[in-house]
Amino acid sequence: EAEFLLKTDDDVYLRPAPLLRQLEHRIPAQYAWAIFDYISPVPRDEEDNFYNPEETFPFPVFPPYPRGVVRVLSMDVVRLLAKASQEGRLRMIY
């Protein structure tokens, strides 16, 4: 069974050996590896591709979220997110 889920953009040149060496030293629980955005402002301009009206998301910034070209999650985190999604506790914001 997999211990981690890796998500990359399609234009990434991935070198699996160094990545696997990094992950060998990580505990496969409650783990998220990515560049996290902590203060991303919510786009309010209707011309913006990622426009969010106040009614959809009434806060000035998004909650912290992983971004970037490579993200790794331990499978317990993946299962937690999947369960929350199945239970309707996650909303798509875009």
Side-chain angles (χ1 to χ4, degrees):
E1 183 172 301
E3 293 182 333
F4 298 97
L5 172 78
L6 166 72
K7 191 272 181 206
T8 66
D9 286 355
D10 62 350
D11 58 350
V12 169
Y13 175 75
L14 181 66
R15 295 177 32 221
L19 175 66
L20 292 173
R21 280 195 298 273
Q22 286 283 331
L23 292 176
E24 284 176 348
H25 302 287
R26 304 292 182 248
I27 297 170
Q30 299 180 359
Y31 185 75
W33 179 38
I35 296 170
F36 278 82
D37 193 332
Y38 291 95
I39 55 170
S40 181
V42 177
R44 299 293 186 206
D45 180 358
E46 291 185 21
E47 300 293 318
D48 194 300
N49 288 337
F50 301 103
Y51 166 67
N52 279 269
E54 289 265 344
E55 305 81 53
T56 302
F57 195 78
F59 307 102
V61 296
F62 288 116
Y65 66 94
R67 62 180 287 172
V69 297
V70 177
R71 292 176 282 284
V72 176
L73 299 174
S74 57
M75 290 307 293
D76 64 320
V77 174
V78 173
R79 289 185 191 97
L80 181 69
L81 290 170
K83 183 177 184 219
S85 178
Q86 290 168 347
E87 294 172 352
R89 294 187 288 133
L90 296 180
R91 285 186 27 211
M92 293 297 292
I93 300 172
Y94 48 88

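Quick caveat: nothing in here was measured; it's all calculated off a predicted structure. Numbers here simply count residues along the sequence, with the first being 1.
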Student: Can you name the residues that form a side-chain contact (heavy atoms from CB on, under 4.5 Å) with T8, not counting sequence neighbours?
Tutor: L6, V12, V70
Student: Same hydrophobic cluster for W33 and F4, using side-chain heavy-atom links shorter than 4.5 Å among ILVMFWY?
Tutor: yes
Student: Give the minimum heavy-atom separation between V42 and F59, together with the two atoms involved.
Tutor: CG2-O, 3.4 Å
Student: Checking R15 now: which residues fulfil side-chain hydrogen bond (donor to acceptor under 3.5 Å, both in side chains) with it, not counting sequence neighbours?
Tutor: none
Student: Check side-chain contact (heavy atoms from CB on, under 4.5 Å) between A82 and all other residues, then give those that pass, not counting sequence neighbours.
Tutor: none
Student: Can you name the side-chain contact (heavy atoms from CB on, under 4.5 Å) partners of Y38, sequence neighbours left out?
Tutor: F36, P64
Student: If every non-hydrogen atom of Y65 is compared with every non-hydrogen atom of S40, which pair is closest and at what distance?
Tutor: OH-OG, 3.4 Å
Student: Tell me the salt bridge (Lys or Arg N to Asp or Glu O under 4.0 Å) pairs involving residues 21-36, sequence neighbours left out?
Tutor: none
Student: Applying side-chain hydrogen bond (donor to acceptor under 3.5 Å, both in side chains), can you list everything that pairs with D9, at least two apart in sequence or on another chain?
Tutor: K7
Student: Holding to side-chain hydrogen bond (donor to acceptor under 3.5 Å, both in side chains), I want the full list of residues that pass it with E87, two or more places apart in sequence or in another chain.
Tutor: R89
Student: By side-chain hydrogen bond (donor to acceptor under 3.5 Å, both in side chains), which residues pair with S85, not counting sequence neighbours?
Tutor: none
Student: Give every residue pair that meets the salt bridge (Lys or Arg N to Asp or Glu O under 4.0 Å) criterion with at least one member in residues 56-72, sequence neighbours excluded.
Tutor: D37-R67
Student: Not counting sequence neighbours, which residues clear salt bridge (charged side-chain N to carboxylate O under 4.0 Å, His left out) with E54? List them please.
Tutor: R44
Student: Closest approach of F57 and P63, non-hydrogen atoms and distance?
Tutor: CZ-CD, 3.5 Å
Student: Would you tabulate the side-chain donor-acceptor contacts of residues 74-81 under 3.5 Å, counting partners in other chains and residues two or more places apart, or write 'none'?
Tutor:
from, atom 1, to, atom 2, distance (Å)
S74, OG, Q30, N, 3.2
S74, OG, Y31, N, 3.0
S74, OG, D76, OD1, 2.4
D76, OD1, Q30, N, 3.1
D76, OD2, Q30, N, 2.8
R79, NH2, E1, OE2, 2.5

